[in-house]
Amino acid sequence: MFKKFRKNDNRQPQCDTLDLQHIPEHIAIIMDGNGRWAKQRKMPRIKGHFQGMETIKAITREVSTLGVKYLTLYAFSTENWSRPQEEINYIMGLPVNFLNTFLPELIEKNVKVETIGFVDELPTKTIQAIEEAKLKTADNTGLTLIFAINYGGRAEIMHGIQNAIKHFKHASESEIEQLTEKDFSRFLMTADFPDPDLLIRTSGEQRISNFLIWQLSYSEFIFNEKMWPEFDAEDLQACIKTYQSRQRRFGGL
Ligand code: FPP
């Protein structure tokens with residue numbers, strides 16, 4: 001089964017079909033470029049974040065239609081607290097706005113909302129909106145939409161190590177030596193989700209910025225030049241097409 005897609009980025013392969021049998025199960029996105037998009041238009045940075053939220057809706061619709069099972073979005077990092085307080089306040093209000101305007105559609109599309117990150121450190125109104133969305137979508141079985149919010153990969157691993165030490169404090173030396181990567185993965189915030197198949201970062205930056213540093217070990221990386229507020233369904237399809245043209249070997253031949 002093939003779906004037509006129109007190409008609008010000449011860095012992507014010259015191909016006009018998307019193989020719906022090989023859609024990545026899990027896509028992770030670093031939504032970068034909100035501030036620059038706004039600045040280019042002589043608007044305040046927060047306008048970029050607002051428009052970025054609208055892009056989240058469009059991309060969620062698209063991945064849900066394509067049959068992607070997990071979409072993880074880097075919404076706020078543990079390092080983002082160093083931004084101006086006004087910008088932080090605005091970003092913290094966005095989940096409230098997003099869920100007020102989009103939760104009925106998420107429910108209708110059978111989308112389950114999840115988070116990774118230190119959510120309990122967020123403002124109360126943000127926590128309430130997220131908790132309500134999680135509760136109302138808990139039984140949904142379609143796309144799982146995971147917001148990484150107050151998330152950092154190193155902090156996640158440290159937190160996982162602390163919990164593992166507490167859990168195994170009575171274990172023998174040989175039991176500890178037999179622990180596997182899979183055993184440790186259960187102590188990460190992503191314990192319930194598979195590793196991403198595809199990482200997309202917008203805005204042309206080529207870094208992972210402390211995002212899912214354990215889980216991205218074997219993911220395909222695609223860096224797209226567009227700013228996140230202008231990234232659209234066609235761009236996403238082009239990224240998936242590029243992903244489909246790559247051979248994943250997981251260290252083998
Ligand atoms: C990166 O752009 C974007 C962010 C740090 C925030 C992204 C947050 C949202 C799009 C909204 C989150 C909404 C929900 C529903 C949780 P940047 O500001 O670093 O852009 P720049 O690199 O151009 O300055």
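Numbering of ligands and ligand atoms starts at 1, following listing order. Quick caveat, the model's predicted, so the values are computed rather than measured. We use all heavy atoms of the structure for the numbers below, so side chains are in, but hydrogens, waters and symmetry mates are not.
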Next on the checklist: Please tell me whether Phe193 and His26 form a close aromatic pair, meaning their ring centres lie under 6.0 Å apart.
Outcome noted: no
Checklist outcome for this item: Rounded to the nearest 0.5 angstrom, the CG-OG1 distance for Leu145 and Thr137 is 8.5 Å
Item to check | For the student: nearest non-hydrogen atoms of Pro196 and Leu212, plus distance | outcome: CG-CD1, 3.9 Å
Checklist outcome for this item: Heavy-atom closest pair (Asp232 atom, Lys226 atom, distance to 0.1 Å) is OD2-NZ, 4.1 Å
Checklist entry - How would you list, by chain and number, every residue that makes a side chain to side chain contact (heavy atoms under 4.5 Å, CB included) with Ser185, sequence neighbours excluded? => result Trp214
Checklist entry - Taking any residue with a non-hydrogen atom under 4.0 angstrom from an atom of ligand 1, which ones do you get? => result Met31, Asp32, Gly33, Asn34, Gly35, Arg36, Arg45, His49, Gly52, Ile56, Ala75, Asn80, Arg83, Leu94, Pro95, Phe98, Phe147
Next on the checklist: For Phe221 and Phe223, take the angle between the two ring planes, folded into 0 to 90°, and tell me which bin it lands in: parallel under 30, tilted 30 to 60, perpendicular over 60.
Outcome noted: perpendicular
